[in-house]
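Heavy-atom basis, side chains included; hydrogens, waters and symmetry copies ignored.
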Amino acid sequence: MTVLAKTTSELSSESVRSLYDQLVVKAKEISHLQGISGLLGWDQEVMMPTNSADSRANQLSALAGVIHAKETSSSLGSILEELEKRQAAQDLSTELNPYELANIRLSRKAYKAETLLPSELVQASASLTSKAVGAWAQARKESDYAKFAPYLEQQITLLRQKVGHHMKGGVCEEARKINEKARASLGLKEGDECYKGYYQALLDEYEPGFKVDRLHNLFEDLKKSLVPLIAKINAKNFQHDDAFLQGEWDVTKQKEFSHRVSERIGFDLEAGRLDVSTHPFTGGAHSTDVRMTTRYTLTDLKEGITGTIHETGHSLYEQGRSKEYVDTPVSAALSLGVHESQSLLWERMVGLSKPFWTNTLPLLKEKFQEPSHEALQSVTVDHFFNAWNRVEPGFIRVEADEVTYGLHVVLRYEIEKALVEGDITVAEVPGLWNAKMKEYLGLEVTEDRLGCLQDTHWAVGLIGYFPTYTLGSIYAVQIFAAAKEAIPNLDEHLAKGEFHVLKKWLNENIHQQGSLRESGDDLIFGLTGQHLDSSLYVKYLTEKYTKIYDL
């Protein structure tokens with residue numbers, strides 16, 4: 001049992017080990033409360049009665065206030081301050097290991113960010129988010145953006161306030177520099193509104209250390225590569241036959257098959273659940289209580305399977321987190337880009353691969369033996385692989401093939417950056433969205449449900465999040481290449497259904513590493529000897545689809 005010191009003088013007489021142990025007590029208490037919030041959020045998306053929206057908003061707001069109070073407590077601040085003094089005076093690596101030192105670094109960063117935010121802003125954000133989710137779901141159902149727009153406007157306002165507090169307090173120096181430069185170039189005074197650089201601060205929350213300028217250049221390079229690749233595929237005026245995938249697929253059987261695939265890959269159902277929600281996600285309370293969801297469509301077999309494999313990738317990361325440092329900051333995922341790399345690695349490098357279907361296609365045939373699916377019974381692995389990897393531009397991001405997917409992300413990034421930095425208004429979003437869909441994918445958006453209302457991210461205030469999907473795609477290619485180098489016969493293992501071989505390697509090299517490194521770039525460089533490189537991602541796509549479409 002750790003006894004907490006109460007006064008500054010008591011802290012100054014404590015050993016480094018004692019101070020660290022006291023920090024861990026507080027970190028774990030915060031983690032437990034965040035777990036409760038996670039369960040409330042999961043319930044809201046999966047099981048909560050429709051009329052409970054207001055009461056859930058109040059509950060989440062109250063809980064957010066409690067968590068914020070814990071995160072900004074003076075006692076926590078005193079412990080961190082004393083540890084900072086010790087670090088300035090001596091090398092703590094003689095007493096603490098790298099994971100413990102990372103816990104101090106991460107706790108200090110979080111404390112500084114949270115103490116800059118007024119409690120009323122934190123609670124207002126939690127309350128708004130709960131209400132906005134309900135409004136978004138209703139607006140999406142009715143395909144009426146106007147019913148969601150006021151909530152998005154409020155989210156933008158609160159996010160700007162949050163960034164403003166952080167920038168004034170010295171959090172995200174890069175954002176401050178961008179803002180100051182913009183103010184100077186525009187001749188603005190101190191009190192004048194200027195939101196340039198705000199997106200950098202938001203991006204840093206999800207992908208620490210990644211600069212907007214680099215992101216912009218990376219996305220421009222991807223557009224230059226992906227748009228012509230898609231055009232070349234379209235110019236073939238040919239598609240692999242997928243008639244065997246047409247028709248209706250019993251949803252109960254889809255669920256049973258998806259559960260089986262998830263378990264075979266390695267998802268532990270004694271430490272998690274798989275349910276259904278409007279928008280697939282992974283959440284929950286703890287590495288021993290991971291809640292993931294998917295969705296099934298009667299006429300689309302692929303959506304449920306790929307969605308389940310994707311979320312299983314996220315869940316394996318959560319279940320594979322360090323047990324030794326459980327409930328402390330260092331056990332958490334390093335970044336959302338790295339998290340996304342795990343879902344995309346399993347969904348694409350594995351779930352879209354020929355080795356995977358060499359093993360799994362017989363199981364699919366076994367599950368769906370109805371006369372209406374007679375064509376499935378005779379399909380070969382090669383035929384299935386080509387059809388499963390068809391490239392067809394579509395409206396819905398989560399249903400997109402891996403070639404067109406990146407452009408969905410670029411579109412959202414460009415809109416949300418312009419929105420938060422004041423270059424466009426909330427009212428302009430649908431028109432701009434539709435124009436970009438036409439430019440990038442050649443599609444005419446006919447209703448908001450298929451356009452700007454399809455994702456829940458903006459409803460919950462996750463602006464700065466979308467780029468991590470494509471960053472995750474790039475990470476995934478490099479990580480899988482490293483895995484294949486470390487496991488020479490990996491394809492053979494996958495073809496035999498021996499998924500535990502890859503899972504074990506990822507557990508050790510990604511999941512258990514948690515937030516030990518300071519950025520995803522640091523992690524990928526340590527693992528592969530190369531920084532994040534979009535050209536490797538483009539090379540992977542080009543080589544794969546040149547073969548599939550004989551370009």
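The side-chain heavy atoms of T293 and R291, taken from C-beta on, include no pair separated by under 4.5 Å.
Under a 4.0 Å N-O distance rule, the pair R17/E95 does not qualify as a salt bridge. By the 4.0 Å N-to-carboxylate-O rule, R321 lies too far from D327 to be salt-bridged with it.
To the nearest 0.5 angstrom, L60 atom CG is 12.0 Å from K131 atom NZ.
Test L462, L471, I463 against Y206 for side-chain contact (heavy atoms from CB on, under 4.5 Å) and you get one pass: L462.
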Intermediate values then yes/no, side chain to side chain donor-acceptor pair (under 3.5 Å), Y325 and N97: CA-CA 12 Å; Y325 298 98; N97 68 39; 2.8 Å; yes

Residue pair D521, S519: steps toward the side chain to side chain donor-acceptor pair (under 3.5 Å) verdict: CA-CA 5 Å; D521 223 10; S519 71; 5.6 Å; no

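In this structure a side-chain-to-backbone donor-acceptor pair under 3.5 Å is present from H32 to K28. Formation of a donor-acceptor pair under 3.5 Å by the S515 side chain with backbone atoms of A332 is found in this model. Between the side chain of N179 and the main chain of K196, a donor-acceptor pair closer than 3.5 Å is present.
For the salt bridge (Lys or Arg N to Asp or Glu O under 4.0 Å) condition, the pairs that include at least one residue of residues 155-175, sequence neighbours left out, are K162-E205, E173-R176, E174-K211.
Under a cutoff of 6.0 Å and an axis angle of 45°, R412 and Y469 do not form a cation-pi pair. Under a cutoff of 6.0 Å and an axis angle of 45°, R348 and Y405 form a cation-pi pair.
Residues F466 and Y413 keep their aromatic ring centres 6.0 Å or farther apart.
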